[in-house]
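Any value given below was found using the heavy atoms of this structure, including those in side chains, with hydrogens, waters and symmetry copies removed. A quick note: this is a predicted structure, and the numbers were derived from the prediction, not measured.
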Amino acid sequence: AALPSVWIADMREELQMGNRSILSGKLREEIEKRLEKKEQVVLFLNRRGYAGFVSCRACGHVMKCPHCDVSLTAHNNGKLVCHYCGYETPQVHACPSCGSPYIGGFRAGTQQIEQNVKKLFPKARVLRMDGDTTKTKNSYEEILSSFAAGKADILIGTQMIVKGHDFPNVTLVGALAADLSLNAVDYRAGERTFQLLTQAVGRAGRGEKPGMAVIQTYHPEHYSIQTAAEQDYGQFYRQELLYRKMMGYPPAVGLLSIQLSSRKEEAAAAAMEDMHQWIQRTFCLEGLSIIGPVNGSPYKVNDIYRKILYIKNESYDILLKVRKSAQKREAEDERYKNVSFQAAVQ
């Protein structure tokens, strides 16, 4: 099958034209065409939940999980849910910090997209597949089978709907804000965005009918977006490798990450400070580049605090040597008694 044609929709321009909808004008137009032709549509979003974090527009307070250092997510069942440990609490209607009623969720989730799509296309049959709709044993297979059998016109979902599925009647894929992953605190953000978008685009036009993909983005000029639209793996590789070399990231250099975690915040901090100073003293002649220590992202998960130390060097063997020595120190020193140790070399 021929590769699908790709349209990049700049959501900044959509906003300037007065379009505050989740869907760009181009995507709405193309969905209407597919519904008229009795063809199917896949809408992909790399987000869960009815909305994103819940915050107060008066004072800026964000509703957070008491056990994890992450914001709670608003769900359509009236609950605020932590996606790390599963903690739930009822939705709030006034800010617990300042009492303001201007508190609510931001960022569209799959449930909100489903509601908007049903309003825009009331005759369309819509299915949603995400973490919330696939909790039961056979729900994953049931949703996919139903869509494959033509019992729905539009399938809305998260990453799980763009990985490896083959629906011959799908001729349009909409990638909604897939570039959110570009903002992740990870040097592989560009690579992961490229992977997601090439997978999403590849779901369209897998049968005899030609396919099309619409990528909605706030970063239309980014090389991950451009090369994914063109399905140009070689060009992405060249630009990403240049970025890795400029910034000193793998595979241009080796990277050792050491993570220490504990239920006692002071124990994790003290152990990491000792590890940091010990590595500096012991390997001072090896030319290591040490970053941190920093708080993990998120810092606290299920009441466990995480500290991370990053170490760079062009020699993979030297980093393996540091890791082995650090493991030995953690196992033998009493200061690490209540601390968990993890280390990985990339």
Side-chain angles (χ1 to χ4, degrees), residues 47-49 52-56 59-75 77 79-92 95-97 103 105 131-132 135 181 183-189 192 250 255-283 288-312 319-346:
R47 277 287 182 268
R48 280 182 65 197
F53 64 86
V54 173
S55 65
C56 173
C59 73
H61 175 80
V62 176
M63 293 294 295
K64 287 195 171 187
C65 173
H67 308 292
C68 308
D69 192 34
V70 294
S71 58
L72 296 171
T73 300
H75 281 241
N77 59 2
K79 296 285 184 69
L80 296 177
V81 181
C82 174
H83 286 169
Y84 278 86
C85 70
Y87 170 83
E88 290 187 5
T89 188
Q91 174 67 277
V92 293
C95 176
S97 179
I103 187 165
D132 293 326
K135 285 180 178 177
S181 50
N183 301 316
V185 187
D186 189 337
Y187 70 87
R188 293 162 292 192
R192 287 175 173 165
L255 178 67
L256 165 63
S257 62
I258 296 176
Q259 177 180 290
L260 300 180
S261 56
S262 175
R263 290 191 175 275
K264 298 179 179 179
E265 186 175 14
E266 300 81 7
M272 181 55 84
E273 184 59 30
D274 173 76
M275 180 66 71
H276 182 206
Q277 293 181 6
W278 175 79
I279 290 174
Q280 284 183 318
R281 291 194 308 269
T282 309
F283 299 96
L288 301 179
S289 175
I290 301 176
I291 305 168
V294 296
N295 292 340
S297 180
Y299 177 40
K300 184 173 72 166
V301 175
N302 211 11
D303 294 325
I304 295 175
Y305 298 88
R306 305 183 305 139
K307 289 280 187 178
I308 302 177
L309 190 67
Y310 296 104
I311 303 164
K312 294 181 185 179
L319 293 179
L320 289 176
K321 180 181 172 183
V322 175
R323 184 181 70 174
K324 187 176 180 180
S325 298
Q327 286 174 327
K328 185 179 179 183
R329 181 171 182 81
E330 183 270 335
E332 297 175 351
D333 197 302
E334 280 292 314
R335 279 171 285 197
Y336 298 87
K337 187 176 181 181
N338 297 312
V339 176
S340 296
F341 176 93
Q342 286 181 297
V345 180
Q346 300 171 24

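No option in Ile291, Ile258, Ile290 other than Ile291 meets the side-chain contact (heavy atoms from CB on, under 4.5 Å) test with Tyr310. Here the options are Val81, Val92, Thr89, Val62, the test is side-chain contact (heavy atoms from CB on, under 4.5 Å), and the partner is Leu72; only Thr89 passes.
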- Query: Please walk me through it: do Val339 and Met272 pass side-chain contact (heavy atoms from CB on, under 4.5 Å)?
  - Reply: CA-CA 10 Å; Val339 176; Met272 181 55 84; over 6 Å; no

- Check against side-chain contact (heavy atoms from CB on, under 4.5 Å), Arg335 and Met275: CA-CA 10 Å; Arg335 279 171 285 197; Met275 180 66 71; over 6 Å; no

- Item | Step-by-step side-chain contact (heavy atoms from CB on, under 4.5 Å) determination, Leu255 to Tyr187 | CA-CA 11 Å; Leu255 178 67; Tyr187 70 87; 3.7 Å; yes

- Walk me through it: do Arg323 and Ile311 pass the test side-chain contact (heavy atoms from CB on, under 4.5 Å)? CA-CA 10 Å; Arg323 184 181 70 174; Ile311 303 164; over 6 Å; no

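Closest non-hydrogen pair, Lys264 versus Tyr305, comes out as C-CD1, 4.3 Å. Between His276 and Gly292, the shortest heavy-atom distance links the atoms CE1-O, 3.6 Å. Heavy atoms only, all atoms of each residue included: Gln91 and Leu80 are closest at OE1-CD2, 3.5 Å. Taking each heavy atom of Tyr336 and Ala271 in turn, the nearest pair found is OH-O, 3.4 Å. When all heavy atoms of Ile308 and Gly296 are compared, the pair lying nearest together is CD1-CA, 3.8 Å.
Within a 6.0 Å sphere centred on NZ of Lys312, heavy atoms belonging to other residues, nucleotides or ligands number more than 12. More than 12 heavy atoms of other residues, nucleotides or ligands lie within 6.0 Å of CZ in Phe341, so this atom counts as buried by the packing criterion.
A donor-acceptor pair under 3.5 Å is formed between the side chain of Ser262 and the backbone N or O of Asn338.
Taking CE of Met63 as the reference point, atom SG of Cys82 lies at 12.0 Å (rounded to 0.5 Å). One finds the CD atom of Gln342 at 11.0 Å from the CD atom of Gln327 (value rounded to the nearest 0.5 Å).
Using a 4.5 Å heavy-atom threshold, the side chains of Leu256 and Leu288 count as separate. Between Glu265 and Tyr299, the closest side-chain pair of non-hydrogen atoms falls below 4.5 Å. With contacts defined as side-chain heavy-atom distances shorter than 4.5 Å, the pair Asn295/Arg306 does not qualify. Under the 4.5 Å side-chain criterion, counting only non-hydrogen atoms from C-beta, Arg188 is in contact with Gln346. For the pair Ile103 and Pro96, the minimum side-chain heavy-atom distance is below 4.5 Å.
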